[in-house]
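To start, the structure under review is shown below, and the notes come after it.
Letters go in sequence order (proteins before strands), and every chain restarts at 1. The figures here come from the full heavy-atom set of this structure, side chains too, leaving out hydrogens, waters and symmetry mates.
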Amino acid sequence: MYDFDSAWLTKLEEMRAAGVNPYPNGMKPTHTSTELHELYKDVEDPSTVEGSTGVAVAGRVMFRNRFGKAMFLRILDRGEPTVDTVDAEGNPSKKGGIIQVYLRKNEVGDETFEQMKKLDIGDYVWIKGHVMRTRTGELSVQADEAMLASKIMTTFPDRWHGLNDVELRSRQRYVDLFMNEATRRTFRMRSKVVRYLRDFFEDRDYIEVETPMMQTIPGGATARPFVTHHNALDMELYLRIAPELYLKRLLVGGMERVFEINRNFRNEGISVRHNPEFTMLEFYQAWATYEDLMDITEELFVGLVDKLHGQRKIPFADFEIDFTPPFRRADMDELVVEHTPLQPEQMRDVNAMRAFYVADNPGADLDKLPTTVGKWWELLFEEYAEHKLINPTFVTGFPAEISPLARRNDEDPERVDRFELFCATWEIANAFSELNDPVDQAARFMAQVDAREGGDDEAMYFDADYIRALTYGMPPAAGQGIGVDRLVMLLTGSQSIREVILFPTLRPERKMAEQSVVEFENKDA
RNA sequence: GGGCCUAUAGCUCAAUUGGCAGAGCACCGGACUCUUAAUCCGUAGGUUCUAGGUUCGAUUCCUAGUGGGCCCA
């Protein structure tokens with residue numbers, strides 16, 4: 001049971017005893033704050049304008065100034081700060097989201113005024129009146145009627161310093177949202193990004209699909225899965241680490257262009273770039289190659305920054321990302337050569353790569369070093385090249401051994417037709433021409449199974465039904481995954497994935513866990 | 001998994017070498033009919049994250065744990 005603060009309980013009792021319902025219903029605002037700022041932005045005295053009466057606004061009280069027989073409130077509603085104005089110092093600023101209310105005792109009546117005097121910061125109110133401007137020029141609603149709309153029952157955060165604690169902000173996102181406009185902006189932006197992505201693929205004749213989140217064989221990526229149990233079927237199910245193998249089954253079915261935007265789950269560490277559940281866009285297009293996807297990706301990213309930022313150079317962390325096309329395209333080994341003393345011919349020589357690495361990393365655990373060319377490329381790329389890639393860069397030429405689902409390159413079968421897009425040193429997208437040769441795919445799965453038996457617990461499983469699907473014939477195709485959270489981070493300048501996920505995964509707070517009533521029981525077991 | 005940092009009032013933060021636990025805002029009471037972090041007067045608010053230890057005395061020092069942050073693997 002929740003431990004309510006007795007002072008607030010008393011306050012509510014007194015209010016009810018006085019005949020005031022703290023949680024009434026049915027009040028309707030006629031305008032949002034933003035609509036009023038927009039309607040009257042150029043009007044010196046809105047009270048002279050016909051239609052400025054009978055205006056109702058509603059929202060959370062964020063600020064209050066009380067006098068004996070008058071008061072000012074500023075209330076927050078869903079409006080966005082989009083109306084261009086200038087502030088008192090003459091600097092450009094945006095209005096919206098907040099509107100001031102002016103209440104006078106002789107206009108709202110003694111009874112209402114006494115009730116309004118008892119308002120706490122954080123309460124919801126509904127106000128009806130006319131629009132006016134104060135002596136200092138602030139657009140306000142002067143009240144004829146006012147009522148409490150919903151009562152706060154806890155003290156409000158410090159309104160000057162706000163809510164800064166990173167833990168509190170993500171744990172109590174509901175507080176973060178009403179306290180911080182930057183947070184509201186981030187999640188409005190996230191919504192626009194997702195909307196843009198859907199429109200982008202709809203416009204290109206793609207079908208949006210939903211494939212299983214609970215899978216019997218977790219596939220499509222190399223990662224540890226979450227496991228759960230289905231009682232009626234009495235079997236283990238895995239939360240998906242990727243939708244890939246299901247989307248490619250749809251290609252076999254003749255759905256030539258499909259995309260899915262949905263959650264993936266990976267049972268791994270949490271960091272500023274990793275949350276156990278995260279949102280992935282995957283799309284697949286028959287008759288396309290990975291090179292076509294580079295063109296499509298460029299179009300997608302440029303369109304996105306044009307739409308959401310209106311410019312192609314966007315600031316991020318300590319640098320600026322330039323999305324002006326064409327994006328650079330470079331092979332993985334080429335980038336390693338660029339950022340190490342290694343020569344191009346040494347990139348096929350395991351001993352040469354090992355010698356360089358050991359000399360440069362005296363503390364390295366020699367037993368854990370790679371033994372194959374492909375694994376060396378992966379390591380050297382991650383340690384020497386990745387963190388140099390600020391502007392969008394298509395990294396190509398991946399080794400086949402670290403790409404078990406990608407089509408081999410026709411000229412160099414040790415490589416695959418694959419790219420990853422890097423931005424701001426992060427992997428943002430991963431794409432390849434799809435492996436549609438069932439026999440090769442079966443062999444690649446077996447190599448993964450061997451790796452797993454050799455101790456690689458992130459290696460893939462053998463999915464026989466997926467091989468069976470391929471035996472029916474999958475059209476030549478290419479597919480891509482884009483991490484939506486990281487994309488939103490880039491576009492909002494967020495340094496942590498937790499800033500772009502409304503409710504990121506956190507350990508439960510002890511105090512709340514103690515007061516919660518949760519009974520885990522398995523009735524069928 | 002390893003290292004470093006951190007936890008004090010609802011929020012933002014103080015507390016000298018180890019010596020009575022503090023401020024601002026919020027809350028409660030009062031004054032004030034154009035304020036912009038309003039102002040003024042008064043009251044109240046604490047298991048100093050948890051469990052041990054050292055000490056006459058611990059927010060402070062030590063050990064372990066828990067939550068969180070940063071860095072590394």
Side-chain angles (χ1 to χ4, degrees), chain A residues 3-12 14-15 45 47 60-75 85 87-89 93 95 98-110 112-114 116-123 129 131-143 151-172 174-176 178-180 224 268-274 317 361 363-365 367-369 379 382-383 387 457-458 495-499 504-514:
Chain A
D3 183 17
F4 290 105
D5 185 319
S6 61
W8 289 94
L9 283 173
T10 307
K11 204 177 219 189
L12 282 165
E14 287 170 358
M15 195 174 281
D45 182 3
S47 66
R60 188 188 290 277
V61 176
M62 299 299 286
F63 172 90
R64 179 194 59 189
N65 254 357
R66 287 181 294 194
F67 302 89
K69 293 171 185 165
M71 73 176 75
F72 290 94
L73 305 173
R74 279 210 283 278
I75 63 174
T85 49
D87 65 16
E89 280 86 47
S93 73
K95 285 278 186 189
I98 287 187
I99 182 83
Q100 181 165 265
V101 169
Y102 182 41
L103 269 121
R104 297 206 288 197
K105 189 173 184 176
N106 60 340
E107 282 157 358
V108 296
D110 292 1
T112 299
F113 193 78
E114 285 312 306
M116 292 298 108
K117 269 173 83 171
K118 292 196 167 70
L119 279 181
D120 290 299
I121 292 187
D123 285 346
V131 184
M132 49 83 77
R133 239 174 239 291
T134 63
R135 276 177 206 158
T136 50
E138 180 155 354
L139 192 74
S140 307
V141 174
Q142 189 164 346
K151 186 71 193 161
I152 191 171
M153 262 194 78
T154 185
T155 49
F156 201 74
D158 186 306
R159 74 159 181 266
W160 178 241
H161 297 97
L163 188 72
N164 301 322
D165 185 278
V166 181
E167 181 190 351
L168 273 184
R169 286 185 44 231
S170 41
R171 214 179 264 295
Q172 294 183 253
Y174 38 90
V175 179
D176 183 33
F178 65 69
M179 289 303 290
N180 295 309
R224 288 190 193 85
E268 296 175 346
I270 295 177
S271 79
V272 288
R273 288 197 299 280
H274 299 87
N361 296 274
D365 183 347
D367 295 334
K368 288 186 179 163
L369 293 179
L379 177 69
E382 283 175 5
E383 293 205 10
H387 63 276
D457 53 6
E458 289 192 347
Q495 306 291 310
S496 166
I497 197 167
R498 240 179 284 192
E499 300 285 309
T505 306
L506 293 171
R507 274 207 171 80
E509 196 180 346
R510 192 187 302 168
K511 192 171 157 194
M512 290 300 108
E514 283 167 359

Next on the checklist: Using a 4.0 Å heavy-atom cut-off, does Met132(A) contact any base of the nucleic acid, only the sugar-phosphate backbone, or nothing at all?
Outcome noted: base

Item to check | Gap between atom NZ of Lys11(A) and atom CD1 of Ile152(A) - 0.5 Å precision | outcome: 9.0 Å

Checklist entry - Hey, what's the ring geometry for Phe72(A) with Phe67(A), parallel, tilted or perpendicular (30° and 60° as the breaks)? => result perpendicular

Checklist entry - For the pair made of CG in Asn180(A) and P in C11(B), what is the distance, rounded to whole Å? => result 15 Å

Item to check | Between C1' of G10(B) and CZ of Arg171(A), the distance in whole Å | outcome: 17 Å

Item to check | Whole-angstrom distance between C25(B) and G45(B), as gauged at atom C1' | outcome: 14 Å

Any protein N or O atoms within reach of nucleotides 70-73 of chain B? Criterion: under 3.5 Å, listing atom names and distances.
none

Next on the checklist: Once you apply a heavy-atom cut-off of 4.0 Å, does Thr134(A) come out as touching a base, just sugar-phosphate, or nothing?
Outcome noted: base

Item to check | C5(B) versus A64(B) - spacing of their P atoms, nearest Å | outcome: 14 Å

Checklist entry - Side chains of Glu499(A) and Arg169(A): does their closest heavy-atom pair fall under 4.5 Å? => result yes

Checklist entry - Which whole number of Å gives the distance between the C1' atom of A31(B) and that of G46(B)? => result 31 Å

Checklist entry - Given the P atoms of A44(B) and C49(B), what is the spacing between them in whole Å? => result 25 Å

Item to check | U55(B) versus U43(B) - spacing of their C1' atoms, nearest Å | outcome: 38 Å

Checklist entry - Hey, is the main chain of Gly122(A) close enough, under 3.5 Å, to the side chain of Arg60(A) for a donor-acceptor pair? => result yes

Checklist entry - On a whole-Å scale, what distance lies between the C1' atoms belonging to G24(B) and U60(B)? => result 24 Å

Checklist outcome for this item: In whole angstroms, the gap separating P of G1(B) from CZ of Arg224(A) amounts to 11 Å

Next on the checklist: Please compare Thr154(A) and Gln142(A) by the position of their nearest nucleotide in RNA chain B and report the one closer to 5'.
Outcome noted: Thr154(A)

Checklist entry - With rounding to whole Å, what would you report as the distance between U66(B) and U50(B) at their P atoms? => result 15 Å

Checklist outcome for this item: To the nearest angstrom, the CE-P distance between Met179(A) and C11(B) comes to 11 Å

Next on the checklist: Which residues pass the salt bridge (Lys or Arg N to Asp or Glu O under 4.0 Å) test with Asp123(A), not counting sequence neighbours?
Outcome noted: Lys151(A)

Each nucleotide N or O in nucleotides 25-30 of chain B that has a protein N or O under 3.5 Å away: list the pair and distance.
residue : atom : partner   : partner atom : Å
A26(B)  : OP1  : Arg159(A) : NH1          : 3.2
C27(B)  : OP1  : Arg64(A)  : NH1          : 3.4
C27(B)  : OP1  : Arg64(A)  : NH2          : 3.2
C27(B)  : OP2  : Arg64(A)  : NH2          : 3.1
C27(B)  : O3'  : Lys11(A)  : NZ           : 3.1
C28(B)  : OP1  : Lys11(A)  : NZ           : 2.0
C28(B)  : OP1  : Asp120(A) : OD1          : 3.4

Checklist entry - Say you draw a straight line from CE of Met132(A) to CD of Glu138(A); how long is it, rounded to the nearest 0.5 Å? => result 10.0 Å

Next on the checklist: Distance check needed: C32(B) P versus Met71(A) CE, whole Å only.
Outcome noted: 13 Å

Checklist entry - Between CD1 of Ile497(A) and NE2 of His274(A), what distance do you get to the nearest 0.5 Å? => result 8.0 Å

Checklist entry - Looking only at heavy atoms, what is the nearest atom pair of Phe113(A) and Leu103(A), with distance? => result CE1-O, 4.2 Å

Next on the checklist: Applying the Watson-Crick and G-U wobble criteria at under 3.5 Å, what pairs with C4(B)? Answer none if nothing qualifies.
Outcome noted: G69(B)

Next on the checklist: Without decimals, in angstroms, what is the distance between Leu103(A) CG and C32(B) P?
Outcome noted: 17 Å

Checklist entry - How many angstroms lie between CD1 in Ile121(A) and CG in Leu73(A), if you round to the nearest 0.5 Å? => result 9.5 Å

Checklist entry - Between atom CZ in Phe178(A) and atom C1' in G10(B), what is the gap in whole Å? => result 12 Å

Item to check | Non-hydrogen side-chain atoms of Gln100(A) and Leu139(A) separated by less than 4.5 Å | outcome: no

Checklist entry - Given atom CG of Asp123(A) and atom P of G10(B), what is their separation to the nearest angstrom? => result 19 Å

Item to check | Comparing Ala70(A) and Gly137(A) on RNA chain B - which has the more 5′ nearest nucleotide | outcome: Ala70(A)

Checklist entry - Can you tell me how far P in G65(B) sits from the matching atom in G3(B), rounded to whole Å? => result 11 Å

Item to check | Who pairs with U43(B) - Watson-Crick or G-U, where each distance is under 3.5 Å | outcome: none

Checklist entry - So what's G22(B) paired with, Watson-Crick or G-U wobble, going by both distances under 3.5 Å? => result C13(B)

Checklist entry - C61(B) pairs with which nucleotide, Watson-Crick or G-U wobble, both distances below 3.5 Å? => result G53(B)

Checklist entry - How far apart are the closest heavy atoms of Met62(A) and Phe178(A), and which atoms are they? => result CE-O, 3.2 Å

